[in-house]
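Remember, predicted model here, so these are calculated numbers, not experimental data. Hydrogens, waters and symmetry mates are skipped; everything else that's a heavy atom, side chains included, is used.
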Amino acid sequence: MSRDVYEKIINLGKRRGIIFPAFEIYGGVSGFFDYGPIGTVLKRNIEEKWRKLFVYNEGMVEIESTLIMPSQVYNASGHLAHFTDIMTKCSKCTNILRTDKLLTDIGIENAERLKTDELDRLIEKNDVRCPKCNGQLTKSEPFNLMFQVEIGTHSGSMNGFCRPEAAQGQFLAFKRIYLSERERLPLGIAQIGRCARNEIAPRKGPIRLREFTIIDFEIFVDPDNLSYPKIKYVEHEKLRLLVAQEQLAQSSKIMEITVKEALEKGIIKNQILGYFMVLASKFLNDLGIPENKQRFREALPDERAHYSQQTFDQEVWLQRWGWTEVSGHAYRTDYDLRNHMTCSGVDLRVYKAFDKPKKVAKNVLKPKMDVIEKDYGALNAQIIANLLSKSDHKVICRELNEKGFYELMGQHLIKLESKHIDIIVEEMVESGRKFIPHVVEPSFGVDRILYAVLEYAYLEKKKRVILELPLQLAPVQIYILPLVTKNGLPEKAREIFKMLLDESLTVIYDESDSIGRRYARADEIGVPICITIDYLTLEDDTVTLRDIKSWQQVRINSRDLPNLLRKYFKNKLRFDQLGKPL
RNA sequence: GCGACCGUGGUCUAGUUUGGUCUAGGACAAAGGCCUUCCAAGCCUUUAACCCGGGUUCAAAUCUCGGCGGUCGCACCA
């Protein structure tokens, strides 16, 4: 029975220090993995590649926020409500069901807002049974996918949660960063960091983890201007889309379409979303995942997150699991900032000046104090005037127009009619406007991407394992190998080793076992270049360079190594341009 | 979380049916040495395992129960 790539990669990961189950000596817990020496660097290189493409090249910024946040944050973000499912179980067939869904199915509205015991009462009252086998349902229990933590000592503790996404950090710090970045929009704020979700039954190794690294990129934009000038450089790039419509028709037909066309046809809602989808595709391409093994699947309305208006999941074809999500591209609108604004009471709107101040006709409310005093008394009149000034004038005008009265909510309900209020049209000058920025969010699962990279880099050649990683991802760039361990070759090799270390290259020196065996070891962890020091080196200072891909060798003078290798690792030279072929 | 199958050195595995001969065998890898050779060569030496915990038994890798982990199916995965 032949193993599939997944097993081979897990095996390689364990053997060569890439990735392996965490706390193995205590038996491990599913959903937790550690990165070894090679995996750590590989992951860092992937992250660095992302930074370059999305942050540095786009003039965006990166932050680091906390992993633990107090419960108010997740109350505001909606995670406390939406990330908690109240579950019930069928006592007969042990089917696990969401209690609120069962009630929604029989026509009870807003079931997701009810408490556990209320849900159970409704289940009992309506005699809801297991839809599969008609069995009796057990008592409901809440299950929250967030890890809860206690902040501080037991007595005075405050509830907190480990973040299930990094994004909230950006929303919470938005105001400060917006100011320190001198009030520019669009403003992308990135974060690469650990998150935790208490998954019910994680499987699939590094694909579904309880603790994982996420890249959340929140791009804050003016909702009236969702354009992105750089779109013109990529508008003819093609995207592979699986739109919602196709999925609803039980089809998985992929539409190959240029971003320009997708935007024009409204398939992708805005330029920012489209631009960064192109970038995401390029990103994976640079990581060695071919275009035809990628696609963007539009999330169906019922599978979209509670905050999202449109979502495309970027998926990669994996041999064992088929299309697997590695990134999500969501239009989060102003959902998060709006909620944090309401919950915290802090104004998170931004102010944008108009190009030219505008003259606007504005309805100004003037309470007719004498009439109000007559109807409600002098003391109340002051309070009413005060409340009026704090109310939304647009609403008051509308209601007065439509209904003929406006109900002012104070300690008592006060009915105000047209005779109480003068509406004066005044010409005013507005120099700008305030609004809550909208957010476009590309979000990446680093661990999944790393796994996909391994899967596409994995090769077998002559019964040997080769990790053919893209050049810039290589955790170890150079292997230094003296051909034999005598006659001064190791000494010479160590000299060159030291020289390349000083060039800030990642280099390993290896003198044990035969040369072939050492090449094989280097291949397994994807070392692009092996440098061999032989007897000729002692005579003329030349060394051989061996390419992981072709196994071809070229001979060059060791003096030229720093210069040529630097160019090579920047993709400015091909291997065969490094020196004379052997 | 439920069900089925599974868990032996770093990796892959023999042994489990029928408890004892297992002081657990092999291959590969790794470490040291010899050899000095451009694709896992050879020789010598060494390190190294029955997932964890109860139970049955004179005796458990083997039977049994529980836990943990893995794979698959169901459910879950905004």
Side-chain angles (χ1 to χ4, degrees), chain A residues 1 3-4 6-8 10-17 20-32 36 77-79 81-85 87-98 101 112 132 138 141 143 145-146 164-165 197-205 207-210 299-308 311 313 320-321 324-325 328 330 332 335 443 445 461-466 481-487 489-490 511-524 530-536 543-548 551-553 555 582:
Chain A
M1 206 173 68
R3 265 159 238 292
D4 68 359
Y6 172 73
E7 269 181 87
K8 287 173 177 174
I10 291 299
N11 188 317
L12 182 70
K14 286 190 205 165
R15 274 193 302 114
R16 299 309 309 268
F20 43 82
F23 18 86
E24 268 185 302
I25 63 163
Y26 288 108
V29 178
S30 63
F32 294 95
S77 70
H79 284 92
H82 292 95
F83 229 53
T84 306
D85 289 336
M87 314 291 281
T88 181
K89 204 160 90 176
C90 170
S91 53
K92 218 163 126 193
C93 69
T94 68
N95 200 3
I96 292 193
L97 302 144
R98 272 177 61 178
K101 266 198 180 161
E112 56 179 59
K132 267 193 184 165
T138 63
E141 276 180 42
F143 186 84
L145 251 33
M146 288 191 289
E165 58 166 18
R197 296 179 190 183
N198 200 2
E199 299 284 355
I200 298 171
R203 279 188 206 160
K204 302 186 180 181
I207 299 299
R208 193 131 161 262
L209 297 170
R210 287 196 165 117
L300 299 172
D302 63 328
E303 55 181 0
R304 273 202 310 257
H306 58 270
Y307 47 70
S308 176
T311 302
D313 286 341
R320 186 177 252 197
W321 298 296
T324 304
E325 179 189 350
R332 283 178 92 133
Y335 179 91
S443 168
K461 190 152 132 191
K462 298 189 180 167
K463 288 191 178 170
R464 273 159 56 163
V465 172
I466 301 169
L481 314 167
L483 189 64
V484 295
T485 53
K486 62 176 195 183
N487 299 330
L489 290 186
E511 63 170 31
S512 74
D513 291 308
S514 73
I515 189 74
R517 184 176 290 245
R518 282 176 280 163
Y519 282 150
R521 270 203 287 258
D523 285 344
E524 271 197 336
C530 290
I531 298 178
T532 304
I533 286 81
D534 56 20
Y535 288 115
L536 197 56
V543 293
T544 62
L545 268 55
R546 174 235 189 224
D547 176 33
I548 188 177
W551 291 9
Q552 274 172 354
Q553 290 182 303
R555 189 143 204 126
L582 287 195

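- Look at the P atom in both B/U17 and B/C63: the space between them is 5 Å, to the nearest Å.
- If you check every strand for non-hydrogen atoms under 4.0 Å, A/E511 touches nothing.
- Using a 4.0 Å heavy-atom cutoff across all strands shown, A/S308 reaches no nucleic acid atom at all.
- Below 30°, between 30° and 60°, or above 60°: for A/F32 and A/F23 the angle between ring planes is between 30° and 60°, a tilted geometry.
- A donor and an acceptor atom sit less than 3.5 Å apart, one in the side chain of A/R546 and one in the base of B/C39.
- Taking atom CZ of residue A/R464 and atom P of nucleotide B/A40, one finds them 5 Å apart after rounding to whole Å.
- Comparing the P positions of B/U45 and B/G26 gives a spacing of 13 Å, expressed to the nearest Å.
- A/N487 comes within 4.0 angstrom of nothing in the nucleic acid, heavy atoms only.
- Residue A/R521 is in sugar-phosphate contact alone, with no base atom involved, counting any heavy-atom pair closer than 4.0 Å across all strands shown.
- Shown here for A/D313 and A/E325, the closest heavy-atom pair between the two residues is OD1-OE2, 3.4 Å.
- Within 4.0 Å (heavy atoms only), A/F32 reaches no atom of the nucleic acid at all.
- With contacts defined as side-chain heavy-atom distances shorter than 4.5 Å, the pair A/R210/A/S30 qualifies.
- Here A/S30 lies in heavy-atom contact (under 4.0 Å) with sugar-phosphate atoms only.
- Taking atom P on both B/A61 and B/C35, the two are 45 Å apart, rounded to the nearest angstrom.
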Q | Worked check of side-chain contact (heavy atoms from CB on, under 4.5 Å) between A/D534 and A/R555 | A | CA-CA 11 Å; A/D534 56 20; A/R555 189 143 204 126; 2.8 Å; yes
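- The side chain of A/W321 places an N or O atom within less than 4.0 Å of a non-bridging phosphate oxygen (OP1 or OP2) of B/C72.
- Picking from B/C76, B/U71, B/A31 the nucleotide with the shortest atom distance to the side chain of A/R203 gives B/U71.
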**Q.** 5'-to-3' dot-bracket of RNA chain B (Watson-Crick, G-U; under 3.5 angstrom; crossing pairs as [ ]; | other strand)
**A.** (((((((..((((......[....)))).(((((.......)))))....(((((..]....))))))))))))....
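- Aromatic ring centres of A/W551 and A/Y519 lie farther apart than the 6.0 Å criterion allows.
- Distance check on atom C1': B/C28 versus B/G67 gives 33 Å, rounded to whole Å.
- No side-chain donor from either of A/R332 and A/S443 sits under 3.5 Å from a side-chain acceptor of the other.
- Checking B/A40, B/C38, B/A31 against the side-chain heavy atoms of A/Y519 singles out B/C38 as nearest.
- Considering only side-chain atoms of A/W551, the nucleotide from B/A40, B/C39, B/G1 that sits closest is B/C39.
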Polar pairs (N or O, both sides) under 3.5 Å between protein and nucleotides 41-50 of chain B?
{"from": "B/A41", "atom 1": "OP1", "to": "A/R517", "atom 2": "NH2", "distance (Å)": "2.9"}
{"from": "B/A41", "atom 1": "OP2", "to": "A/S514", "atom 2": "OG", "distance (Å)": "2.6"}

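- Taking 4.0 Å as the cut-off between side-chain N and carboxylate O, A/D523 and A/K461 do not count as a salt-bridged pair.
- Summary of the strand contacts: A/G205 and A/K462 both lie near RNA chain B, and taking for each the nucleotide with the nearest heavy atom, the more 5' one is attributed to A/K462.
- When heavy atoms are screened at a 4.0 angstrom cut-off, A/R16 is found touching no nucleic acid atom at all.
- When all heavy atoms of A/P490 and A/E511 are compared, the pair lying nearest together is CB-OE1, 3.7 Å.
- Across all strands, A/P164 comes closer than 4.0 Å to base atoms (heavy-atom distances).
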Considering only nitrogen or oxygen atoms on both sides, find all protein atoms under 3.5 Å from nucleotides 7-11 of chain B and state each distance.
{"from": "B/U11", "atom 1": "O3'", "to": "A/N11", "atom 2": "ND2", "distance (Å)": "3.2"}
{"from": "B/U11", "atom 1": "O2'", "to": "A/N11", "atom 2": "OD1", "distance (Å)": "3.4"}
{"from": "B/U11", "atom 1": "O2'", "to": "A/N11", "atom 2": "ND2", "distance (Å)": "3.0"}

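- Just one residue in the list A/T544, A/L489, A/L545, A/V543 forms a side-chain contact (heavy atoms from CB on, under 4.5 Å) with A/T532, and that residue is A/T544.
- A/L12 places its CG atom 19 Å from the P atom of B/C28, with the value rounded to the nearest Å.
- A/T311 comes within 4.0 angstrom of no nucleic acid atom, judged by non-hydrogen atoms across all strands.
- Comparing atom distances between the A/L483 side chain and each of B/C38, B/C77, B/A30 picks out B/C38 as nearest.
- As a whole-Å value, the separation of A/R208 CZ from B/C72 P is 12 Å.
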Q.
Please determine whether side-chain contact (heavy atoms from CB on, under 4.5 Å) holds for the pair A/L481 and A/R546, giving the CA-CA distance in whole Å, both sets of side-chain angles, and the decisive distance to 0.1 Å.
A. CA-CA 11 Å; A/L481 314 167; A/R546 174 235 189 224; over 6 Å; no
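- Between B/U62 and B/G3, the distance separating the two P atoms is 23 Å to the nearest Å.
- If you take CD1 of A/I10 and C1' of B/G69, they are 13 Å apart, rounded to a whole angstrom.
- Backbone-only contact: A/Y6 has heavy atoms under 4.0 Å from sugar-phosphate atoms and none from a base.
- Rounded to whole Å, the P atom of B/C39 lies 43 Å from the corresponding atom of B/U16.
- Across all non-hydrogen atoms, the minimal contact from A/R521 to A/D513 is NH1-OD2, 3.4 Å.
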Q: Start with the C-alpha distance between A/R320 and A/E7, add both sets of side-chain angles, then the distance that settles side-chain contact (heavy atoms from CB on, under 4.5 Å), and finish with yes or no.
A: CA-CA 10 Å; A/R320 186 177 252 197; A/E7 269 181 87; 3.8 Å; yes
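- Atoms NZ (A/K8) and P (B/C12) sit 13 Å apart, rounded to a whole Å.
- The distance from atom CE of A/M146 to atom C1' of B/C76 is 17 Å, rounded to the nearest whole Å.
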**Q.** Verdict with reasoning, A/K14 to A/I10, per side-chain contact (heavy atoms from CB on, under 4.5 Å)
**A.** CA-CA 6 Å; A/K14 286 190 205 165; A/I10 291 299; 4.0 Å; yes
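- Mapping A/E524 and A/P202 onto RNA chain B by nearest heavy atom places A/E524 closer to the 5' end of the strand.
- Set against B/G69, B/C38, B/U36, the side chain of A/T532 has B/C38 as its closest nucleotide.
- The closest donor-acceptor contact from the side chain of A/R518 to the backbone of A/P482 lies under 3.5 Å.
- For a distance-only test at 3.5 Å, the side chain of A/Q553 qualifies as a donor-acceptor partner of the base of B/C38.
- Atom pair A/L545:CG and B/C38:P shows a separation of 17 Å (rounding to whole Å applied).
- If you take atom P in B/C51 and the same atom in B/G10, they sit 12 Å apart, rounded to whole Å.
- As rounded to the nearest Å, B/C6 and B/C65 have P atoms that lie 13 Å from one another.
- To the nearest angstrom, C1' of B/C77 lies 13 Å from CD1 of A/I207.
- Panel note: side chain A/R197, backbone A/P164; a donor-acceptor pair is recorded below 3.5 Å.
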